[in-house]
Amino acid sequence: MNIFVGSLPFKLQEADLREIFEEHGEVSSAKIITDKFSGRSKGFGFVEMPNDTEAQSAIDELNGAEVDGRAIVVNKAEQRKESPRRDNYRSGGYQGNNRRY
DNA sequence: GTTGAGCGTT
């Protein structure tokens, strides 16, 4: 289950976020969203947990929990898919791979 | 050295 985490302290790092969720279950990956141009944290991130039961428990326990003095927001993530369509494609190359500049 | 609602680069 992918989890959305908001209201994170700007100083928080991905490893910190991961350890927070690992206290409530197994964490496969943790991500802090940072601005591509400034490199600064956007203040929210995502955590992926393979066990849905532990994930739901972590959401229930960590939503509103205080981290570094800030009450964080934890919800089930949306919009980003893990399994894009990979079927019905043939290994044949493209004919129009010519590049015109 | 700054800020504070929301959903990420594959």
Side-chain angles (χ1 to χ4, degrees):
Chain A
M1 177 181 286
N2 40 334
I3 302 167
F4 169 81
V5 187
S7 297
L8 296 174
F10 295 106
K11 48 181 286 193
L12 202 80
Q13 307 171 27
E14 292 184 1
D16 302 322
L17 182 65
R18 176 173 186 132
E19 290 184 0
I20 291 171
F21 278 79
E22 278 179 344
E23 295 179 357
H24 293 269
E26 182 181 352
V27 174
S28 60
S29 67
K31 177 66 86 176
I32 296 291
I33 306 307
T34 52
D35 187 75
K36 294 189 295 292
F37 303 102
S38 65
R40 288 176 289 181
S41 173
K42 289 183 180 176
F44 68 96
F46 293 89
V47 175
E48 194 171 342
M49 300 185 71
N51 191 328
D52 290 351
T53 303
E54 292 178 347
Q56 189 60 48
S57 177
I59 292 173
D60 184 62
E61 291 296 328
L62 293 176
N63 186 22
E66 288 187 2
V67 177
D68 194 66
R70 281 300 186 198
I72 65 175
V73 177
V74 182
N75 285 321
K76 179 175 170 294
E78 305 169 358
Q79 186 138 33
R80 222 18 137 176
K81 61 179 71 68
E82 296 179 358
S83 300
R85 292 278 75 85
R86 294 189 181 278
D87 55 353
N88 203 17
Y89 280 103
R90 292 299 173 263
S91 60
Y94 298 102
Q95 293 180 345
N97 60 357
N98 289 338
R99 291 286 186 252
R100 293 293 180 266
Y101 294 99

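Order of the sequence lines sets the chain letters (A, B, ...), proteins ahead of strands, with each chain counted from 1.
More than 12 heavy atoms of other residues, nucleotides or ligands sit less than 6.0 Å from atom CZ of Arg18(A).
Here the P atom of nucleotide dC7(B) and the NZ atom of Lys42(A) are 11 Å apart, to the nearest Å. Computed from coordinates, the Glu14(A) CD to dT9(B) P distance equals 12 Å when rounded to whole Å. If you take CD of Gln79(A) and P of dC7(B), they are 7 Å apart, rounded to a whole angstrom. Rounding to whole angstrom units, CD1 of residue Ile32(A) and P of dT3(B) are separated by 19 Å. In this structure, CD1 of Ile72(A) is placed 16 Å from P of dA5(B), rounded to the nearest angstrom. Going from atom CZ of Phe10(A) over to atom P of dG6(B) covers 15 Å, rounded to whole Å. Between Asp35(A) atom CG and dT3(B) atom P there is a gap of 16 Å when expressed in whole angstrom units.
Between the side chain of Thr34(A) and the base of dG8(B) there is no donor-acceptor pair of N/O atoms closer than 3.5 Å.
In this structure, the separation between CG on Asp52(A) and CE on Met1(A) is 4.5 Å, given to the nearest 0.5 Å. In this structure, the separation between CG on Asn63(A) and NZ on Lys76(A) is 14.5 Å, given to the nearest 0.5 Å.
The side chain of Arg40(A) approaches dT2(B) more closely than any other nucleotide in the set dG6(B), dT9(B), dT2(B). The listed nucleotides are dG6(B), dT2(B), dG8(B); the one nearest the side chain of Phe4(A) is dG6(B). Out of dT9(B), dG6(B), dG8(B), the shortest distance to the side chain of Asn2(A) is found at dG8(B).
Both Lys31(A) and Gly45(A) lie close to DNA chain B; mapped to their nearest nucleotides by heavy-atom distance, the more 5′-ward contact belongs to Gly45(A). Taking for each of Pro9(A) and Asn75(A) the nucleotide of DNA chain B with the nearest heavy atom, the 5'-most of the two is the partner of Pro9(A).
The two residues Leu17(A) and Ile32(A) come nearest to each other via the heavy atoms CD2-CD1, 3.6 Å.
Leu8(A) comes within 4.0 angstrom of a base, heavy atoms only.
The aromatic ring of Phe46(A) is not stacked on the base of dC7(B), since the criterion of ring centres less than 5.5 Å apart with planes inclined by under 30° is not met.
A donor-acceptor pair under 3.5 Å is formed between the side chain of Glu54(A) and the backbone N or O of Glu26(A).
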